[in-house]
Amino acid sequence: MLQQIKTILLKWYSQNQRELPWRTTKDPYFIWLSEIILQQTRVQQGLSYYQLFTEKFPTIFDLANADEQTVLNTWQGLGYYSRARNLHATSRIIVHQYKGVFPSSFEEIKSLKGIGNYTAAAISSFAFDLPYAVVDGNVYRVLSRVFDEDSPIDSSAGQKLFQNLANNLLNTSFPANHNQAIMEFGALQCVPVNPNCDICVLNQHCLGRQNNRINVLPVKEKKTKVSKVQIDYSIHFDENKILLRKRLGKGIWQHLYEFPHCIDMPKDPPVFSETHLLSHQKLTLNYYRNVNNTIAFEENGLEWVNIKDLESYPKPKPIQSFIDNYLDELNSEN
DNA sequence: AAGGCGGGGCG
DNA sequence: CGCCCAGCCTT
């Protein structure tokens, strides 16, 4: 089973690979350069920058001799500028500590700035033919689908699992081509959305396809995304305590009531802030009391929504059931 | 374990 | 136009 998949991948790669400049070299300097550029960057966009860098800094000494500002200028437009700073810093480390010779062991490579697990495995295999399996976004996708593995790729357990899976699948006779093959396969054939499985060379081996789960793989658990919320409240309070508030407007749980932890209002206003925690949700509020004893409200909060927690956390409710439940809780405590 | 980092592509 | 992508470093 594994052996067949390895063979199919290599054969597919030999017939379908794109011609890319960093694939025709074994020079670790150029391979490193390309890998740093290609982190979070599509091939199409990275190509021109790769050409720019190799022309402007043909050797690692040229890069190390340059000002950081010059490197940053050359990087301009690529984004994630810490990559450029790390690139430059690492060039100086290699020149000064390794006499300009790129280190050739996985551990040494990984210890360099800006090089993590993926990039260390990539350089180790591409430049030095060392048997380290790469796991990038493409590999997560291919492996999760072929093996119908729904372990979340953004959990540490899932990452371990997929690294092990990749290690097991690694063709140790051809680590460089194997790694290129599986990533290219993910980039061209096993694409994120609507892959054409009918023409896929792995479709007879693909458990995800067999179980009709291609469109839900790979699984991510942390859907935590940041979105600005525009939440208006009507506040119901009793003496100096906020009793309930009703969520107005069009955010989640609109028109439902929630319990703001009975915060003591400041005696002498103007502004104070408080962090309100609802497990899945963090909201910073600024509010103050007006002279006419109504609450004016000001919020610039960010809302963090974790879809997983959303299911389990008690949601705000329509007012009557909210109050009923609250009274029940109070009674059961006493 | 979780958040920040920047662009571009896509529906 | 909003949503999605994804490796590394920092906290």
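Every chain is numbered from 1, with letters handed out A, B, ... down the list of sequences.
- Linking ILVMFWY side-chain heavy atoms closer than 4.5 Å, directly or via other members, places A:Leu170 and A:Val142 in two distinct hydrophobic clusters.
- Comparing C:dC8 with B:dG9, their P atoms sit 23 Å apart, to the nearest whole Å.
- Judged purely by distance below 3.5 Å, without hydrogens or angles, the side chains of A:Asp62 and A:Thr59 pair a donor atom with an acceptor atom.
- One interatomic measurement links the two molecules: CD of A:Glu35 to P of C:dA6, which rounds to 14 Å at whole-angstrom precision.
- Under a 4.0 Å N-O distance rule, the pair A:Asp154/A:Lys220 does not qualify as a salt bridge.
- Rounded to whole Å, atom C1' of B:dG6 lies 8 Å from atom CZ of A:Arg83.
- Residue A:Lys110 contributes atom NZ, which lies 12 Å from atom C1' of C:dG7 at whole-angstrom precision.
- Taking atom CE of residue A:Met183 and atom P of nucleotide C:dC5, one finds them 19 Å apart after rounding to whole Å.
- Side-chain contact check for A:Leu217 versus A:Asp148: some heavy-atom pair is nearer than 4.5 Å.
- For the C1' atoms, the distance from B:dG8 to C:dC9 is 23 Å, rounded to whole Å.
- Between A:Gln40 atom CD and C:dC8 atom C1' the separation is 7 Å, expressed in whole Å.
- Nearest to the side chain of A:Tyr81, among C:dC8, C:dC5, B:dG6, sits B:dG6.
- If you check every strand for non-hydrogen atoms under 4.0 Å, A:Tyr118 touches sugar and phosphate atoms only.
- Contact between the side-chain N/O atoms of A:Ser156 and the OP1/OP2 oxygens of B:dA1 is found at a separation under 4.0 Å.
- One can place CG of A:Leu112 at 13 Å from C1' of C:dC8, the figure rounded to the nearest angstrom.
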Contacts under 3.5 Å, N or O only, protein and nucleotides 8-11 of chain B:
none

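- Computed from coordinates, the A:Gln39 CD to C:dC9 C1' distance equals 11 Å when rounded to whole Å.
- Note: CD (A:Gln159) to P (C:dG7) measures 9 Å, nearest angstrom.
- No side-chain donor-acceptor contact under 3.5 Å links A:Arg23 to the backbone of A:Gln180.
- DNA chain B contains the following stems of three or more consecutive Watson-Crick or G-U pairs, with both distances under 3.5 Å: B:1-5 with C:7-11, B:7-11 with C:1-5.
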Q. Are A:Phe53 and A:Trp75 close enough, and set up right, to give a ring-ring contact (aromatic ring centres under 6.0 Å, His included), and what steps lead you there?
A. CA-CA 8 Å; A:Phe53 269 86; A:Trp75 194 267; 5.7 Å; yes
Q | Candidate pair A:Tyr49 and A:Ser34, rule side chain to side chain contact (heavy atoms under 4.5 Å, CB included), full reasoning | A | CA-CA 9 Å; A:Tyr49 285 90; A:Ser34 73; over 6 Å; no
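- Ring geometry, A:Phe128 versus A:Phe102: the interplanar angle falls from 30° to 60°, so the pair is classed tilted.
- Neither OP1 nor OP2 of C:dC4 sits under 4.0 Å from any side-chain N or O of A:Lys220.
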Q. Given A:Asp198 and A:Arg209, is the salt bridge (Lys or Arg N to Asp or Glu O under 4.0 Å) satisfied, shown in steps?
A. CA-CA 10 Å; A:Asp198 291 340; A:Arg209 181 174 197 239; 3.0 Å; yes
